[in-house]
Amino acid sequence: MEIVIKDTYEEIAALAGERIAESVRARPDITLGLATGSSPLGIYDYLARAHLKGLSFKHVRTANLDEYVGLSPAHPQSYRYFMEREFFAKTGVSPKNIGFPRGDAEDLEKECERYDLYLQKWARDIQILGLGANGHIGFNEPGTPFDSVTHITELKESTRLANSRFFKTAEEVPSKAITMGIKNILDSKSIILVASDTYKAGAVKDMLEGEISVNCPACALRGHKNVTVYLDKKAAKLLR
Ligand code: GLP
């Protein structure tokens with residue numbers, strides 16, 4: 001595991017962004033695993049600027065980590081909507097190359113199976129990850145087995161509260177989500193995790209120095225051979 005620590009979020013986002021841009025230049029039909037939340041926004045900005053300078057995403061294939069149960073892709077708080085606004089529309093990813101779990105599927109179990117087959121078909125070359133303050137990756141909350149595949153999960157109250165900043169009220173945050181499992185995340189050839197700010201410092205310390213157990217989903221990354229963790233100084237402040 002490689003750990004990169006810089007003073008500011010902007011620096012780590014630019015480093016991670018350039019690494020992904022280089023990979024797209026080298027392999028225009030690369031498959032990217034994508035995340036939502038604040039952590040990848042600087043990376044998406046970097047890639048949008050690279051696109052304006054000529055980098056094509058036309059042949060890039062994508063697979064997103066997760067989606068809220070009950071929200072349609074057109075719902076402004078859905079992750080699909082977020083990705084359209086923050087990444088797909090700005091980089092020109094072709095709609096036919098976008099992979100996303102449907103939170104509004106009638107039969108959610110079938111939807112998990114469908115998405116899992118998509119993930120098996122399109123092996124990720126790079127998976128981008130943020131980190132929940134409770135150590136979650138995707139929506140794999142503490143307690144999720146490391147060999148889990150796409151599944152429906154009950155969100156912890158702390159997660160709903162943390163994500164309520166995107167909704168009008170905390171009650172509006174869905175209580176369930178559909179998420180790639182930890183095994184799906186570990187299947188990616190390489191993984192880039194970005195964490196910034198003081199409130200992530202505890203989760204960062206647990207991920208890198210804590211006991212490896214299902215109580216710490218991000219600890220599963222320590223068993224993967226190609227992970228780079230990008231941290232700003234504040235998120236790294238509790239590390240030995
Ligand atoms: C959400 C997402 C995760 C994300 C995490 C951290 O719960 N499901 O994929 O990594 O929040 O979000 P942020 O980057 O906004 O701190």
Side-chain angles (χ1 to χ4, degrees), residues 8-10 12-13 16-17 32-46 62-71 73 75 77-83 85-87 99-103 112 115 119 124 126-144 148 150-167 170 172-186 188 191-207 216-221 227-232 234-236:
T8 65
Y9 171 73
E10 287 67 29
I12 55 175
L32 299 178
L34 301 173
T36 53
S38 312
S39 305
L41 283 179
I43 298 179
Y44 296 157
D45 267 2
Y46 188 95
T62 71
N64 260 82
L65 282 170
D66 46 16
E67 179 60 283
Y68 288 115
V69 164
L71 301 195
H75 191 289
Q77 266 76 42
S78 74
Y79 282 170
R80 180 64 183 77
Y81 192 95
F82 173 99
M83 289 304 300
R85 187 181 66 221
E86 303 295 345
F87 186 68
F100 231 100
R102 290 284 298 237
C112 290
Y115 197 58
L119 297 175
R124 274 73 62 219
I126 304 175
Q127 174 67 55
I128 300 173
L129 290 179
L131 175 67
N134 67 358
H136 73 227
I137 46 175
F139 265 138
N140 292 284
E141 295 280 35
T144 310
S148 53
T150 308
H151 62 283
I152 304 296
T153 180
E154 193 83 37
L155 301 179
K156 303 273 184 204
E157 275 315 303
S158 61
T159 298
R160 293 185 66 220
L161 195 65
N163 290 357
S164 65
R165 66 188 194 277
F166 298 111
F167 293 79
E172 274 178 53
V173 185
S175 56
K176 287 186 179 156
I178 177 168
T179 183
M180 265 192 210
I182 295 177
K183 177 178 182 301
N184 302 122
I185 291 172
L186 296 177
S188 182
I191 298 173
I192 286 177
L193 182 142
V194 176
S196 61
D197 219 334
T198 314
Y199 75 103
K200 295 286 175 76
V204 167
K205 184 172 174 62
D206 288 348
M207 168 175 72
C216 171
C219 285
L221 302 176
V227 179
T228 311
V229 176
Y230 292 91
L231 304 172
D232 73 353
K234 289 178 182 167

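Counting from 1, the numbers follow the sequence of the chain as shown. Everything numeric here is computed off the predicted structure, so don't read it as measured data. Just so you know, ligand 1 is whichever comes first in the structure, and atom 1 is the first atom listed for that ligand.
When side chains are defined from C-beta on, Y9 does not count as touching D197, because their heavy atoms never get closer than 4.5 Å.
Looking at atom 16 (O) of ligand 1, its nearest protein heavy atom turns out to be K200 NZ, 2.6 Å. For atom 4 (C) of ligand 1, the nearest protein heavy atom (residue, atom name, distance) is T36 O, 4.1 Å. Regarding atom 13 (P) of ligand 1, its nearest protein heavy-atom neighbour is S38 N, 3.5 Å. Atom 6 (C) of ligand 1 has as its closest protein heavy atom L131 O, 3.7 Å. Looking at atom 12 (O) of ligand 1, its nearest protein heavy atom turns out to be G37 CA, 4.1 Å. Shortest contact from atom 2 (C) of ligand 1 to any protein heavy atom: Y79 OH, 3.7 Å. Among protein heavy atoms, the minimum distance from atom 14 (O) of ligand 1 is reached at S39 OG, 2.5 Å. Nearest non-hydrogen protein atom to atom 8 (N) of ligand 1 is D66 OD2, 2.8 Å.
Contact annotation for N163 and ligand 1: only side-chain heavy atoms (C-beta onward) come within less than 4.0 Å of the ligand. For A35, no heavy-atom contact with ligand 1 is shorter than 4.0 Å.
In the model, Y115 has no side-chain atom that pairs as donor or acceptor with a side-chain atom of N184 under 3.5 Å.
Across S38 and F166, no two heavy atoms sit closer than the pair OG-CZ, 4.1 Å.
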Self-check item: Criterion side-chain contact (heavy atoms from CB on, under 4.5 Å) on M83 and T62, from CA distance to verdict
Solution: CA-CA 11 Å; M83 289 304 300; T62 71; over 6 Å; no

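Between F139 and Y79, the ring planes lie parallel to each other; the angle is under 30°, not in the 30° to 60° tilted range.
In this structure, the side chain of K176 does not engage the main chain of I152 through any donor-acceptor pair within 3.5 Å. Formation of a donor-acceptor pair under 3.5 Å by the E141 side chain with backbone atoms of K156 is found in this model.
Each of the following atoms of ligand 1 lies closer than 4.0 Å to a heavy atom of G130: 10 (O). Counting the atoms of ligand 1 from 1 in the order shown, those under 4.0 Å from a heavy atom of Y199 are 16 (O).
In this structure, G138 counts as a contact residue of ligand 1, since one of its heavy atoms falls inside 4.0 Å of the ligand. Heavy atoms of F166 come nearer than 4.0 angstrom to ligand 1 in no pair at all. The shell of residues lying under 4.0 angstrom from ligand 1, judged by heavy atoms, includes R165.
Taking CZ from R102 and CZ from R80, the interatomic distance works out to 9.0 Å, rounded to the nearest 0.5 Å.
The heavy atom nearest to atom 5 (C) of ligand 1, considering only R160, E67, H136, is found in H136.
Screening T153, I185, N140 against S148 for a side chain to side chain contact (heavy atoms under 4.5 Å, CB included) leaves a single residue, N140.
Surrounding OH of Y81 are at most 12 heavy atoms belonging to other residues, nucleotides or ligands under 6.0 Å away.
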